[in-house]
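Below is one structure, written out as C-alpha cells; comments come after it.
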Amino acid sequence: MDSKSFLAALNPDSMVVKPSHRVRLKDFDPGFTGDFKKKEAKALLQQGVEELARYQDMLYAQNTYALLLIFQAMDAAGKDSTIKHVMSGINPQGCQVYSFKQPSVEELDHDYLWRSFKALPERGNIGIFNRSYYEEVLVVRVRPELLAQQQLPLSTRGDHIWQQRFEEINNFEKYLVSNGIVVMKFFLNVSKEEQKNRFLDRIDRPEKNWKFSVADVKERGRWDDYMAAYEDMFSHTSTPWAPWHIIPADSKWFTRLAVASFIHQKLKSLNLAYPVLEDNHLERLREARVMLEREGE
Ligand code: ATP
Ligand code: MG
C-alpha cells in the first residue's frame with residue numbers, strides 16, 4: 001500500500017481528535033467514505049493486512065515496543081468484525097484480544113485500572129482491547145448504579161469524578177507510551193439509523209440471533225446520554241501521546257480500511273527493524289552450520 005497517497009485520500013485530519021479540542025459528534029459523519037469505492041477499498045485492505053503482518057514480525061523480533069489497540073463503540077458498530085478483518089494476517093502468537101465485560105466481583109474490589117494492567121501486551125506483542133477502561137467514563141457515567149457498586153471513598157463521589165478519571169487515564173497512557181507501549185484508540189462511529197438496521201438484521205438472521213440481546217435496545221434508548229459522555233471523553237482524553245481516532249462506521253469496508261491504515265502508519269513511524277546480530281554471534285552461527293553439515297559424516 002502506498003501509505004502516503006492512501007492516507008491523504010482517507011483525509012486523516014478529519015478523523016483524529018486534536019488535543020484539548022472540544023468535540024461535537026455532529027461534526028463527524030458516520031457515512032463518510034472519502035472517494036473510495038467498496039471494491040477498491042477491499043483490495044487495498046488486503047494489501048494493508050499483508051503489510052501489517054510484515055511489521056508485526058519486526059515488532060516481535062525487535063521486542064522493544066508493544067502496541068495496544070483500543071476499540072470503543074456503541075453496539076453493532078462493528079468492533080468484532082473490524083478486529084477480525086484488520087488482524088486477519090497477524091501471527092496469533094504475538095497478539096492477544098481482551099473483551100472487557102461488566103466487572104466481576106473480584107474486579108470491583110480493585111481500582112478500575114487493575115484489570116487493564118493485567119491485560120497489557122508484553123513487548124513485541126499486539127494487545128487488543130475490545131472495550132476498555134474507557135467504559136469507566138461511558139457506561140458507568142450513563143448508569144449511575146454502576147458507579148454506586150464501586151465502593152469508592154466519599155471524597156471521590158460527585159461530578160468531579162469524571163474530570164479526575166480523565167486525568168488518571170491520560171497519566172496512565174502517558175506512562176505506557178513512555179515505557180514503549182504504543183497506545184492507539186479507535187471509536188467506531190455508527191449512526192443511530194445504521195445501528196437499527198444492524199439490530200434488525202441480527203433479529204432476522206438466525207445465524208446472527210446470538211449477537212442480539214434485548215438489553216442492547218435498552219442501551220440504545222440512552223443514545224443521547226452516551227453521545228454526550230463520548231463527546232466529553234474525546235474532549236479530555238485525546239492527547240499528543242494517545243489521540244482518539246473517530247472512524248466512520250456506517251460502511252464496514254471503509255471502517256476496516258481506515259483502521260488498518262492508521263495502524264500501518266503508526267507501525268511505520270516506529271522505524272522497526274530486525275535485531276542485527278553481533279560478530280561473535282554470527283561466528284557461532286557459522287560454527288553451527290559446519291556442525292550440521294558434518295552430521296553423519
Ligand atoms: P457484542 O458486539 O458481541 O455485543 P459487546 O462488547 O457489546 O459485544 P457484551 O457482552 O454484549 O459485549 O457487553 C459487554 C458489556 O459490558 C457492555 O454493555 C459494556 O458496557 C459492559 N462493560 C464493559 N466494561 C465495563 C465496566 N468497566 N463497567 C461496567 N460495564 C462494563
Ligand atoms: Mg453487546
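When reading the values below, keep in mind they use all heavy atoms of this one structure, side chains included, and skip hydrogens, waters and symmetry mates. Every number for a ligand or one of its atoms is a count from 1 in the order of the listing.
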At what distance is the nearest protein heavy atom to atom 14 (C) of ligand 1, and which residue and atom is it?
Lys101 CD, 3.8 Å
Ion pair present between Glu40 and Lys37, side-chain N to carboxylate O less than 4.0 angstrom?
no
Using a distance-only test with no angle check, is there a side-chain donor-acceptor pair under 3.5 angstrom linking Gln72 and Glu135?
yes
Does ligand 1 have any atom that is closer than 4.0 Å to a heavy atom of Glu107?
no
Less than 6.0 Å separating the ring centroids of Tyr133 and Tyr112?
no
Under-4.0 Å heavy-atom contact with ligand 1, by part of Asp75 that carries it:
side chain
Any ion pair linking Asp232 and Arg22 (charged N to carboxylate O, less than 4.0 Å)?
yes
NZ/NE/NH1/NH2 to OD/OE distance under 4.0 Å, Asp201 and Lys208
yes
Distance to 0.1 Å, residue and atom name: give those for the protein heavy atom nearest to atom 5 (P) of ligand 1.
Arg131 NE, 3.5 Å
Does Arg115, backbone or side chain, put an N or O under 3.5 Å from an N or O of ligand 1?
yes
When you measure from the side chain of Arg165 to the backbone N and O of Glu136, does any donor-acceptor pair fall under 3.5 Å?
yes
Derivation and outcome, salt bridge (charged side-chain N to carboxylate O under 4.0 Å, His left out), residues Arg284 and Glu287:
CA-CA 5 Å; Arg284 264 182 262 132; Glu287 284 165 17; 5.9 Å; no
Let me have the donor-acceptor pairs involving side chains of residues 289-296, under 3.5 Å, with sequence neighbours excluded, atom names and distances please.
| from | atom 1 | to | atom 2 | distance (Å) |
| --- | --- | --- | --- | --- |
| Arg289 | NH1 | Glu293 | OE2 | 2.8 |

Using a 3.5 Å cut-off on N or O atoms only, is Arg202 in polar contact with ligand 1?
no
Quick look: Glu135 vs ligand 1, heavy-atom contacts under 4.0 Å, and the answer is side chain
Does Arg24 pair with Asp27 as a salt bridge, N-O distance under 4.0 Å?
yes
Would the distance check show the side chain of Thr255 and the main-chain N or O of Pro248 forming a donor-acceptor pair, the cut-off being under 3.5 Å?
yes
Under 4.0 Å, heavy atoms only, figure out whether ligand 1 is touched by the backbone of Val140, its side chain, both or neither.
side chain
Would you please classify the geometry between the Phe186 ring and the Phe71 ring as parallel, tilted or perpendicular, with 30° and 60° separating the classes?
parallel
Are the charged groups of Glu219 and Arg222 less than 4.0 angstrom apart, N to O?
yes
Answer yes or no for atom 28 (N) of ligand 1: protein heavy atom present at a distance under 4.0 Å?
yes
Is Lys79 in contact with ligand 1, taking contact as a heavy-atom separation below 4.0 Å?
yes
Just let me know how Glu136 lines up against ligand 1, side chain, backbone, both or neither, with a heavy-atom cut-off below 4.0 Å.
side chain
Is Pro103 near ligand 1, meaning one of its heavy atoms is under 4.0 Å from it?
yes
What is the closest protein heavy atom to atom 30 (N) of ligand 1, and at what distance does it sit?
Val139 CG1, 3.5 Å
Any protein heavy atom at under 4.0 Å, with atom 18 (O) of ligand 1 as the reference point?
no
Run Arg131 and Leu138 through side-chain contact (heavy atoms from CB on, under 4.5 Å) and show every step you take.
CA-CA 11 Å; Arg131 300 187 186 271; Leu138 295 167; over 6 Å; no
Identify the protein heavy atom lying closest to atom 16 (O) of ligand 1, giving its residue, its atom name and the separation to 0.1 Å.
Gln102 N, 3.2 Å
Which residue owns the protein heavy atom closest to atom 3 (O) of ligand 1, what's the atom, and how far is it?
Asp80 OD2, 3.9 Å
Provide the tally of protein N/O/S atoms nearer than 2.8 Å to the Mg ion (ligand 2).
1
